[in-house]
Amino acid sequence: MLRAAPRRHRPYAPALALLLCAGSCAGSGIGIPEATDLAGPLVVDGGRGDGKSFAASFQSFQDTIFTPICTHCHAGASAPKAFQLDAANSYAMLVNVPSVELPSMKRVAPGDPDHSYIVVKLAGINPPMVGAQMPYNGPPYLAPAQIDAIRTWIKAGAKR
Ligand code: HEC
């Protein structure tokens with residue numbers, strides 16, 4: 001019953017992950033699973049099909065990444081590169097907006113994670129990265145599974 005096809009979107013996966021985590025994630029420190037296929041296909045679980053996944057939704061990134069991590073710097077009038085990631089501004093400053101550092105790339109190009117500058121900056125892909133990997137004060141940087149979830153969201157059209 002729990003052996004669902006691994007390449008399908010499963011809306012209940014986050015809840016399942018929480019349940020599984022209650023029993024099995026205690027020893028992993030931060031409870032973030034590893035993903036091995038960074039450039040993988042459209043999945044929410046890194047392709048492992050083990051139920052440990054991040055919800056690949058904009059709201060989940062806001063709540064678990066942008067607000068707690070990025071807004072230490074990317075907020076307010078003095079945000080670096082005028083790039084604000086607080087909940088009121090992040091979507092409008094991400095999707096279809098050219099990067100300041102690399103204007104030939106959008107920060108998020110819907111459908112095209114390979115040409116979305118936020119992925120370049122979070123994964124530290126150099127070239128074409130300008131400046132430092134994000135978050136700027138890392139390491140720690142985001143876990144591969146988190147970056148994979150952002151790629152999945154972009155690939156699916158970067159919906160709000
Ligand atoms: C400690 C401060 C700090 C934190 C935290 C931080 N950043 Fe940055 N960010 C910067 C600075 C400074 C720059 C410009 C210099 C550089 O890129 O090296 C920048 C630049 C960027 C750019 C390039 C913007 C453009 O238009 O070219 C992106 C994308 C970015 N950050 C994403 C993020 C994300 C996503 C997070 C959270 C995971 C994050 N940053 C966390 C300081 C920070």
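For the numbers below, each heavy atom of this structure counts, side chains included, while hydrogens, waters and symmetry mates do not. Ligands are counted one by one from 1 in listed order, and the atoms in each one are counted from 1 as well.
- Using a non-hydrogen distance threshold of 4.0 Å, Leu85 registers as a contact of ligand 1.
- Aromatic ring pairs are classed by plane angle as parallel below 30°, tilted from 30° to 60° and perpendicular above 60°; the pair Phe58 and Phe66 is tilted.
- The protein atom (non-hydrogen) at minimum distance from atom 15 (C) of ligand 1 is Glu101 OE2, 3.5 Å.
- Ion pairing between Asp114 and Arg151 holds under the 4.0 Å rule for side-chain N and carboxylate O.
- Any N or O atom pair closer than 3.5 Å counts here, and Asn137 shares no such pair with ligand 1.
- Note: no N/O pair closer than 3.5 Å links Tyr117 and ligand 1 by distance alone.
- Here is the list of ligand 1 atoms found below 4.0 Å of a heavy atom in Ile69: 5 (C).
- Using modelled atom types, one finds a donor on one side chain and an acceptor on the other under 3.5 Å when comparing Gln62 with Ser90.
- For Pro128, the side-chain contact (heavy atoms from CB on, under 4.5 Å) partners are Leu102, Met105, Val120, Ile125, not counting sequence neighbours.
- The residue from Leu122, Thr67, Val100 that puts a heavy atom closest to atom 26 (O) of ligand 1 is Val100.
- Applying the side-chain contact (heavy atoms from CB on, under 4.5 Å) criterion to Val97, with sequence neighbours excluded, gives Arg107.
- At least one side-chain heavy atom of Leu85 sits under 4.5 Å from a side-chain heavy atom of Leu94.
- Residue pairs satisfying the side chain to side chain donor-acceptor pair (under 3.5 Å) criterion with at least one member in residues 68-78, sequence neighbours excluded, are absent.
- With Lys121 contributing its side chain and Val130 its backbone, the two residues share a donor-acceptor pair below 3.5 Å.
- At a threshold of 4.5 Å between non-hydrogen side-chain atoms, the residues Glu101 and Tyr117 count as touching.
- The distance cut-off of 2.8 Å around atom 8 (Fe) of ligand 1 captures these protein N, O or S atoms, sorted by chain and number: His74 NE2, Met134 SD.
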